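The next block holds one structure in the form of structure tokens; read it before the comments.
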Number of protein chains: 2
Amino acid sequence: MAKTPGSNQDGIHALDFGQLTDLVGYRLRKAQIAAYQAFMTGRDAPGLTPGQVGVLILIDRNPALTQQALSYGIGVDKSTLVATLDRLSERGLIRRVRSSVDRRQNELRLTPKGQRTLTEALAYIDQHERALTARLSDDERATLLALLHKIG
Amino acid sequence: MAKTPGSNQDGIHALDFGQLTDLVGYRLRKAQIAAYQAFMTGRDAPGLTPGQVGVLILIDRNPALTQQALSYGIGVDKSTLVATLDRLSERGLIRRVRSSVDRRQNELRLTPKGQRTLTEALAYIDQHERALTARLSDDERATLLALLHKIG
DNA sequence: TATTGTTATACTCTATAACTATA
DNA sequence: TATAGTTATAGAGTATAACAATA
């Protein structure tokens, strides 16, 4: 039986996406959503968003990082960061330590629990990255990274 | 003068992003944000989000599209779509027309103003796409699309 | 009973502006 | 005066659950 354009027997419509199909912006968004979903639902998912893990990485790699510097680094407003850090703090993963040099500033630190969580999250990231690029060769993955870098 | 790791003369900290730098998920997110920003702030930007333009395209290409089918097609809940369609409707770009076949359904249509807006938006998209991939050759752009397709 | 669209509600992400405590 | 962090507030995006109209 020929498939009627626009519908099938399940009543699920196969939409015409027109010019959307081959737009970098659109494909970027689709890929990003897929990556996010996979990250959140994968086996051994750390119960943290990719953004939260990113914050843990940055705190780990940059001793005495202030909220201001972190805000600038990840490109979100300092006020936006407050709730994110509150959540990580409530979960016992980070601490805000008042700077003794300039008492307006907080120096961000991982707690021991945060360190352990980060170690596990990094292992998970490796696994996730392999799953995400499972259909790509090593060369293709490198090419993709280079091309994305040119756009971002 | 050698640059001290972690800071420079402006007091702007060059953060260590660690393993983040070469993760597909992270680069995807960065590229997507850059694409979105460029779309919204470019010359001749249509005053619509990429998502809104996408909805206009889908309505244009799929006659008698229902909210249900659109919801399924773009992968958002039907309740989420309501506010989006309200906004497009308030701006006079689309109409909801009660189906005479099944009066529970709305058939979505572009208004004449919506048609004109879409025509302009499509021209803008071409311009935006060229700007976004300005640093890529035609081959590289095609490669990027193919690789993104494998992930999304 | 089931489906379509709407509403009520809630949570996240985002920003701007005003506040506080420090500098 | 200016800066670091917080709070108040607001808007967009997302979802689930319950509802009215219709099938």
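So that the names make sense, note that chain A is the first sequence line, chain B the second, and so on, each numbered from 1. Computed from a predicted model, the values in this text were never measured in an experiment.
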How many Å lie between CD on A:Glu107 and P on C:dT22, as a whole number? 16 Å
Could you state the NZ-C1' distance from A:Lys78 to C:dA21, rounded to the nearest angstrom? 13 Å
Rounded to whole Å, OH of B:Tyr72 lies from C1' of D:dA15 at a distance of 18 Å
How close or far is atom P of D:dG5 from atom CG of A:Asn106, stated in whole angstroms? 5 Å
Taking only N and O in the side chain of B:Arg103, is any of them less than 4.0 Å away from OP1 or OP2 of D:dA23? yes
Can you tell me if the side-chain N/O atoms of B:Arg96 get under 4.0 Å from OP1 or OP2 in C:dT6? yes
Atom CG of A:Leu81 to atom P of D:dG5: distance rounded to whole Å? 9 Å
Should the ring pair A:Phe17 and A:Tyr26 be called parallel, tilted or perpendicular, given that the plane angle runs from 0 to 90° and is split at 30 and 60? tilted
How would you label the contact of B:Asp77 with the nucleic acid (heavy atoms, under 4.0 Å): base, sugar-phosphate, or nothing? base
OP1 or OP2 of C:dC13 sitting under 4.0 Å from any side-chain N/O of A:Arg87? yes
Among the nucleotides D:dT7, D:dT14, D:dT22, which one has an atom lying closest to any side-chain atom of A:Arg29? D:dT14
note: B:Leu85, atom CG; C:dT7, atom C1'; distance rounded to Å ~ 15 Å
Is the CZ atom of A:Arg98 crowded by more than 12 outside heavy atoms at less than 6.0 Å? yes
Could you state the atom-to-atom distance from CD of A:Gln37 to P of C:dT12 in whole Å? 16 Å
I'd like to know if A:Ser79 reaches the base of C:dT16 with its side chain, counting only an N/O donor and acceptor under 3.5 Å. yes
For A:Asp86 and C:dC13, what is the distance between atoms CG and P respectively, to the nearest whole Å? 12 Å
DNA chain D: A:Arg98 or A:Ile33, which has the more 5' nearest nucleotide? A:Arg98
Within 6.0 Å of CZ in B:Arg27, more than 12 heavy atoms from elsewhere: yes
Among the nucleotides D:dA18, D:dG13, C:dT14, whichever has the atom closest to the side chain of A:Thr80 is C:dT14
With a 4.0 Å limit, can you tell me whether B:Gln67 has a side-chain N or O closer than that to the phosphate oxygens OP1/OP2 of C:dT6? yes
Could you check whether the side chain of B:Arg104 and the base of C:dT3 have a donor-acceptor pair of N or O atoms closer than 3.5 Å, going by distance alone? yes
Please tell me which of A:Ser100 and A:Ala83 maps to the more 5' nucleotide of DNA chain C, matching each residue to the nucleotide holding its nearest heavy atom. A:Ala83
Would A:Asp139 and A:Ser137 count as having a side-chain donor-acceptor pair, cut-off 3.5 Å? no
Are A:Arg135 and A:Glu140 within salt-bridge range, i.e. N to O under 4.0 Å? no
